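As structure tokens, the structure follows; a few thoughts come after it.
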Amino acid sequence: MSLETTHIKEDGFYVELTYDHLNLNDVMDQVRSPQAGAIVMFAGTTRDNFGGKPVRELQYSAYSPLALRTMLSICKEIHAKHGLISIAMIHRLGIVPIGQESILIAVSAPHRQAAWRAGEQALEDCKDRVEVWKREEFEGEDGVWRANRDSAIGQKVSHADATSHT
């Protein structure tokens, strides 16, 4: 597995997959514009529980070439639909500890309503369509692989299964 950062940058669009810590200011700078009346930022973080069970950490993996193309496609669709100035979507891969960001989405638009709607749609479309998977590691239990969707049913894996793939 390569631990490099991969990204695509086009005029008005920035998508990235990285194993590095995510920086909110860097992402905001990707969409900053003098034409923008609003910048909306979403930061998805690792919470300490899921379904009442204590979570130790999340691990994300992706099929990066396809995931980046899907992310760019989503950004272009949302840009056109909401009349955005710019949109950036960055997803972290690898281990994401409790309290740290796993995804950042920033959108800039002439007006706040378009930016709000676009930011929410970008997140939902990313969770529904991008080829990123997460493994939830619970305290005292085996981990669970899930599609990167809210409340999606996961597949339990044993500790031996998990360590044989790392």
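Because the structure is predicted, anything quoted here is derived from the model rather than measured.
- Heavy atoms only, all atoms of each residue included: Ala115 and Val40 are closest at CB-CG2, 3.5 Å.
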Worked verdict on Cys75 versus Val15 for side-chain contact (heavy atoms from CB on, under 4.5 Å): CA-CA 8 Å; Cys75 289; Val15 296; 3.8 Å; yes

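- The heavy-atom pair separating Glu16 from Met71 by the smallest distance is O-CE, 3.5 Å.
- Residues Gln100 and Thr46 have side chains not in contact (no heavy-atom distance under 4.5 Å, counting atoms from C-beta outward).
- Proximity of a side-chain donor or acceptor of Thr70 to a complementary backbone N or O of Arg129 within less than 3.5 Å is not detected.
- Residues Phe42 and Val130 are members of one and the same hydrophobic cluster, defined by side-chain heavy-atom contacts under 4.5 angstrom among Ile, Leu, Val, Met, Phe, Trp and Tyr.
- In summary, of the residues considered (Ile95, Ile103, Leu17, Val132), a side-chain contact (heavy atoms from CB on, under 4.5 Å) with Tyr60 occurs for Val132 alone.
- Both Tyr63 and Trp145 are part of a single hydrophobic cluster, where members link through side-chain heavy atoms under 4.5 Å apart.
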Test side-chain contact (heavy atoms from CB on, under 4.5 Å) on Leu68 and Thr6; report intermediate values, then the result. CA-CA 8 Å; Leu68 285 168; Thr6 55; 3.4 Å; yes

In sequence, state the C-alpha distance, the side-chain angles, and the governing distance for Lys134 and Glu57, and then conclude on salt bridge (Lys or Arg N to Asp or Glu O under 4.0 Å). CA-CA 10 Å; Lys134 72 178 172 183; Glu57 67 187 17; over 6 Å; no

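- Counting heavy atoms from C-beta on, the side chains of Leu22 and Ser102 never come closer than 4.5 Å.
- In terms of modelled atom types and a separation under 3.5 Å, the side chain of His79 and the main chain of Leu84 share a donor-acceptor contact.
- Across Ala122 and Ile87, no two heavy atoms sit closer than the pair CB-CD1, 4.1 Å.
- From Glu136, atom CD reaches atom CD of Glu141 across 11.0 Å, with rounding to the nearest 0.5 Å.
- Atoms CE and CG, on Met89 and Leu123 in that order, are 8.0 Å from each other to the nearest 0.5 Å.
- Glu101 and Ala43 make their closest contact through CG-CB, 3.9 Å (heavy atoms, listed as atom of the first residue, atom of the second, distance).
- The closest side-chain heavy-atom distance from Arg92 to Tyr19 is not below 4.5 Å.
- Ion pairing of Glu10 with Lys76 is present here, as a side-chain N (NZ or NE/NH1/NH2) and a carboxylate O approach within less than 4.0 Å.
- Residues Ile90 and Tyr14 form a side-chain contact, since some pair of their non-hydrogen atoms from C-beta on lies under 4.5 Å apart.
- Cluster annotation: Ile105 is connected to Trp116 through the hydrophobic network of ILVMFWY side chains, with a link wherever side-chain heavy atoms come within less than 4.5 Å.
- Inter-residue side-chain proximity for Ser108 and Ile39 is flagged as met; some heavy-atom pair is nearer than 4.5 Å.
- By the 4.5 Å heavy-atom criterion applied to side chains, Arg117 and Gln121 are not counted as neighbours.
- Between Glu131 and Ala67, the closest heavy-atom pair is OE1-CA, 3.3 Å.
- Side-chain atoms of Asp125 and Ile78, non-hydrogen and from C-beta on, do get closer than 4.5 Å to each other.
- Gln30 and Ser86 form no side-chain donor-acceptor contact under 3.5 Å, judged by distance and modelled atom types alone.
- Proximity of a side-chain donor or acceptor of His111 to a complementary backbone N or O of Gly37 within less than 3.5 Å is not detected.
- No single ILVMFWY cluster, assembled from side-chain heavy atoms under 4.5 Å apart, contains both Ile85 and Leu72.
- The minimum heavy-atom distance linking Val55 with Ile98 is given by the pair O-CD1, 3.3 Å.
- A distance of 11.0 Å separates CZ in Arg69 from OG in Ser64, rounded to the nearest 0.5 Å.
- For the pair Gln59 and Trp133, the minimum side-chain heavy-atom distance is 4.5 Å or more.
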